[in-house]
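Each remark here refers to the structure printed beneath this line.
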Amino acid sequence: MLLDDSVDRVLRDLESYGRDNDAREGDRARKMLNLERETAELLHILVRSGRRRRVLEIGTSNGVSTLWLAAALQAVGATDPLTSIERDPGKSAQAATNLERAGLASRVNLLVGDATETVAGLDGPFDCVFFDADRWSAPEQLRLLLPKLEPDCLLLADNALSHPQEIAGYIAAVDALPGFGSTIFPVGKGLHVACRP
Ligand SMILES: C[S@@+](CC[C@H](N)C(=O)[O-])C[C@H]1O[C@@H](n2cnc3c(N)ncnc32)[C@H](O)[C@@H]1O
């Protein structure tokens, strides 16, 4: 079991809520678009086994992946909170409630705003970044983050297989970075994983 029962219960509720909401909502902006459980498990294991401690998430939605990341940080005893960015204040407020329910609120700093603008104002350093917002702006966010990444750094991005054209710019930008190696895990919508060992 990767998670405490209390956290797992909240996530099971959110999975069911997200499924129903996204099936009902015609407006994409109102969908939760949560990470699939198997992708979230992989994310959790990578962060936890790699003992990541300074993690940034781009694209909170209502907090499904945020809970998985926060639980990984709790498991490794990280002292810094996860930073997570979302432009929709309503979704971020839902994430705050969900983190509270899971007992993980103190482990996350939720920021509301455009990801690129917000990233420009962050100090870092980060040893892991999870990109899960719009894929077009991810290369610019990566560029802004480069001086704020620790030498030992893990970069994660969802939708590598579901949206290959949209994510191509991000993957090309990672490939152009000296010292990084990467692969795509064919899980869920495809998780792109890059590290600089
Ligand atoms: C795929 S969902 C994130 C799902 C979330 N990681 C989870 O597992 O629950 C993408 C989210 O990113 C947000 N988003 C998209 N583009 C953004 C941007 N440029 N800046 C900030 N948030 C953005 C959307 O509002 C949406 O809630």
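Below, each value reflects all heavy atoms present in this structure, side chains not excepted, and no hydrogens, waters or symmetry copies. In listed order, ligands and their atoms are each counted from 1. Just so it is clear, the model here is predicted, and its values are computed rather than measured.
Between the OH atom of Tyr17 and the CG atom of Asn98 there is a distance of 8.5 Å, given to the nearest 0.5 Å.
Looking at Phe130 and Leu191, their side chains come closer than 4.5 Å, going by heavy atoms from C-beta outward.
Around ligand 1, the residues contributing at least one heavy atom under 4.0 Å from the ligand are Met32, Leu33, Asn34, Leu35, Glu57, Gly59, Thr60, Ser61, Val64, Ser65, Glu86, Arg87, Lys91, Gly113, Asp114, Ala115, Asp132, Ala133, Asp134.
Annotation for Ile167 and Asp158: closest pair CD1-O, 3.4 Å, computed over non-hydrogen atoms.
Contact check on Asp80 versus Arg54 returns a salt bridge, with a Lys/Arg side-chain nitrogen under 4.0 Å from an Asp/Glu carboxylate oxygen. Salt bridge status for Arg52 with Asp152: present, with a side-chain N to carboxylate O gap under 4.0 Å.
For Arg37, the salt bridge (Lys or Arg N to Asp or Glu O under 4.0 Å) partners are Asp8, Glu15, not counting sequence neighbours.
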